[in-house]
Chemist: 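Provided herewith is a single structure, encoded as structure tokens, for subsequent inquiry.
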Protein chains: 2
Amino acid sequence: MGTVSKALDLLDYFTRSRPLIGLSDLARLSALNKATCFRLLTELADHGLVEQVGIGREYRLGPSLLRLAALREAQVPTREAAMPVLQALALQSGETAHLSLLMADVLRPLAHAYSSAHVTKVTMEDAEELPFHATSSGLAVLAFQPDAFRDAILNRPLPHLTHHTETNPTTLRARIQEVRGLGYAESRGGFESDVHSMAVPLFDALGRCSGALAVAALGSRMTEAQRRLIRFALIKAGTEITTIWGGSLPADIATLWRLAA
Amino acid sequence: MGTVSKALDLLDYFTRSRPLIGLSDLARLSALNKATCFRLLTELADHGLVEQVGIGREYRLGPSLLRLAALREAQVPTREAAMPVLQALALQSGETAHLSLLMADVLRPLAHAYSSAHVTKVTMEDAEELPFHATSSGLAVLAFQPDAFRDAILNRPLPHLTHHTETNPTTLRARIQEVRGLGYAESRGGFESDVHSMAVPLFDALGRCSGALAVAALGSRMTEAQRRLIRFALIKAGTEITTIWGGSLPADIATLWRLAA
DNA sequence: ACCGTCGGTTCAAATATCAAACCGAAGGCT
DNA sequence: AGCCTTCGGTTTGATATTTGAACCGACGGT
């Protein structure tokens with residue numbers, strides 16, 4: 001692994017639940033030498049990607065990220081453009097809606113919107129990464145990736161997260177094939193017990209499936225009528241976001257979704 | 001310079017006016033070997049900090065930046081929290097308002113808001129960096145930095161940008177001292193001819209001056225009455241943003257601003 | 001068919017990383 | 001107070017990685 005990767009890996013240790021990390025902690029977390037870790041952090045800090053909160057204190061993500069992200073959004077409007085649709089989806093479905101993006105080879109939640117229809121809801125603040133095999137978003141995205149990518153994902157170890165997690169690559173391939181045939185994906189408690197979710201793929205201006213849009217609800221609320229309603233709302237919202245992104249649906253999906261509307 | 005710095009420097013070559021860069025171009029721009037540049041880009045791409053638009057095509061900033069920026073904003077609300085105040089400032093002043101942040105050792109514009117009061121306005125899209133010595137924001141920030149930082153900035157070469165740019169370190173020190181005494185900074189055509197701007201420092205929760213708030217107008221519109229109005233609006237908005245950020249004003253500035261209100 | 005340039009790859013020579021030990025300062029515990 | 005641990009940060013010399021120049025094959029223009 002290259003030096004740059006080591007440095008960039010450090011950034012991923014900062015999460016919502018662990019926003020501040022000291023040098024020694026980070027060295028332990030990353031299994032890097034403390035001296036190396038220090039040098040990497042210093043270089044990251046020189047560019048404003050991390051900053052130190054005090055003098056001789058912990059590190060946190062830095063302000064340059066805001067600027068780079070704003071630049072990215074200016075060129076490829078992604079998050080801001082999708083937010084209104086995401087909020088409408090949460091409102092219509094009465095459940096938690098979230099949007100995930102494929103970042104290199106991991107799927108990460110980027111934005112979410114809650115409904116106030118129920119006091120019990122699926123929260124998204126804690127999720128850092130959505131496993132492909134155990135979430136509806138993951139399956140939706142995987143169904144529209146090149147074979148090599150899908151194979152690479154399915155060939156690495158697939159952790160059991162709940163007792164409902166499907167981890168058999170062959171079964172998963174079949175489920176993914178099914179997703180292509182239906183135009184949406186579904187997961188029942190594969191990521192978190194009691195959470196039932198449905199997702200549709202999103203396509204960007206390059207024609208790639210670069211993310212997924214999902215609605216997650218408590219399993220107990222997922223009646224047949226509710227599933228129909230969510231599927232309908234997802235397809236509508238998915239079409240909108242793909243359009244806003246300047247993307248276009250694969251022909252078969254376009255047909256499927258048109259019929260569902 | 002370390003490997004990581006070289007990689008991170010690459011990110012700064014992407015701008016609003018040059019959002020897509022090919023490998024060879026970037027190698028030339030950065031004066032890096034093409035092989036090195038390629039490897040660095042590949043590592044950046046593996047983490048989603050850049051991405052390739054097609055196959056064997058140009059690179060652009062990647063989606064992971066959105067996620068990291070969202071994480072930073074979640075921990076240290078900066079941009080989103082200041083936007084409403086910034087917009088109100090543009091409205092009140094009838095001119096372009098902008099907010100800049102100190103990122104490591106450079107001052108960069110982070111957000112701006114326009115007024116529709118005049119069809120001629122100062123635009124901010126193109127500015128990538130605000131030179132400390134030639135902008136009101138730069139002077140405002142510099143006035144509240146540790147001596148070592150100020151000295152480091154003033155000791156490096158200070159480019160002439162217009163025929164009004166002040167580049168004499170001694171004179172600049174005096175102007176900075178003046179800024180501390182007034183509680184705001186002013187610049188007349190030092191960055192761009194015909195642009196007259198005023199700025200106040202902003203303070204974060206760590207007590208540092210980590211940015212500046214400015215109003216920039218065509219020099220011809222900067223009447224004495226207008227300057228008074230803008231100074232008043234800036235002080236009000238600056239107080240608000242510092243408060244929102246959980247920061248507090250240095251005692252002398254708090255007094256100055258209270259008297260001005 | 002030629003030329004220049006593109007993105008990407010290869011292999012000695014130069015440079016950065018590693019592990020371990022060390023430093024002064026700060027905080028907890030007895 | 002005194003002791004002990006941990007903190008952020010620095011140094012060392014052996015080792016592994018990065019570097020840079022030349023080199024591909026492919027593409028587009030002439």
Side-chain angles (χ1 to χ4, degrees), chain A residues 1-14 18-62 75 104-105 146 148-149 152 206-208, chain B residues 1-14 18-62 75-76 104-105 146 148-149 152 205-208:
Chain A
M1 186 172 49
T3 310
V4 176
S5 290
K6 288 179 198 158
L8 299 180
D9 278 337
L10 293 182
L11 297 178
D12 288 331
Y13 289 103
F14 295 92
R18 201 200 303 110
L20 295 166
I21 316 183
L23 170 61
S24 297
D25 276 347
L26 196 47
R28 263 188 299 275
L29 282 168
S30 60
L32 249 47
N33 184 282
K34 198 170 51 160
T36 307
C37 193
F38 172 68
R39 239 167 337 84
L40 298 179
L41 276 171
T42 304
E43 289 199 75
L44 289 171
D46 286 344
H47 288 259
L49 268 72
V50 301
E51 67 177 2
Q52 279 183 283
V53 295
I55 40 167
R57 310 231 80 258
E58 296 163 302
Y59 296 82
R60 69 176 173 205
L61 293 176
Q75 221 244 319
D105 60 348
F149 185 90
L206 279 61
R208 305 173 306 187
Chain B
M1 186 173 48
T3 311
V4 177
S5 289
K6 288 179 195 158
L8 298 182
D9 278 337
L10 293 182
L11 297 178
D12 288 331
Y13 290 103
F14 296 92
R18 200 199 305 111
L20 294 165
I21 315 183
L23 170 61
S24 297
D25 276 346
L26 196 48
R28 261 189 300 275
L29 282 168
S30 60
L32 249 46
N33 185 285
K34 201 169 46 161
T36 306
C37 193
F38 172 69
R39 212 171 21 74
L40 298 179
L41 276 171
T42 304
E43 290 199 75
L44 288 171
D46 286 345
H47 289 259
L49 267 73
V50 301
E51 68 177 2
Q52 280 183 282
V53 294
I55 41 167
R57 313 231 76 260
E58 294 163 301
Y59 296 82
R60 70 177 173 204
L61 293 176
Q75 220 245 318
V76 191
D105 60 349
F149 185 91
L206 277 61
R208 303 174 307 186

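First the proteins, then the strands, lettered A, B, ... as listed; each starts at 1.
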Chemist: Polar atom pairs between nucleotides 21-25 of chain D and protein, under 3.5 Å, N or O only, would you list them?
Modeler:
unit_1: D/dA21; atom_1: N7; unit_2: B/N33; atom_2: ND2; d: 3.1

Chemist: Locate the shortest heavy-atom distance separating A/A104 from B/G48; write the atom from each residue and the value.
Modeler: CB-N, 3.9 Å
Chemist: Counting only heavy atoms and a strict 4.0 angstrom limit, can you tell me which residues of residues 43-51 of chain A come near DNA chain C?
Modeler: none
Chemist: Examine C/dT17: is either OP1 or OP2 under 4.0 Å from a nitrogen or oxygen in the side chain of A/R39? Give yes or no.
Modeler: yes
Chemist: Hey, which of these two, B/I21 or A/A31, hits DNA chain C nearer its 5' end, going by closest nucleotide?
Modeler: B/I21
Chemist: Nearest 0.5 Å, please: how far is CG in B/L11 from OH in B/Y13?
Modeler: 11.0 Å
Chemist: Just to confirm, is there a sub-4.0 Å distance from OP1 or OP2 of D/dG8 to any side-chain nitrogen or oxygen of A/S24?
Modeler: yes
Chemist: How long is the span from the CD atom in A/E51 to the CG atom in B/L206, to the nearest 0.5 Å?
Modeler: 7.0 Å
Chemist: Supply the atom-to-atom distance B/Q52 CD to B/L23 CG, rounded to the nearest 0.5 angstrom.
Modeler: 8.5 Å
Chemist: Over how many whole Å does the gap from A/L26 atom CG to D/dT6 atom P extend?
Modeler: 18 Å
Chemist: Could you tell me whether the phosphate oxygens of C/dA16, OP1 or OP2, come under 4.0 Å of any side-chain nitrogen or oxygen in B/K6?
Modeler: no
Chemist: Both A/T3 and A/F38 contact DNA chain D. Which one's nearest nucleotide lies toward the 5' end?
Modeler: A/F38
Chemist: Measure the angle between the two terminal helix axes of the helix from C/dA1-D/dT30 to C/dT30-D/dA1, five base pairs each, and quote it to 10°.
Modeler: 50°
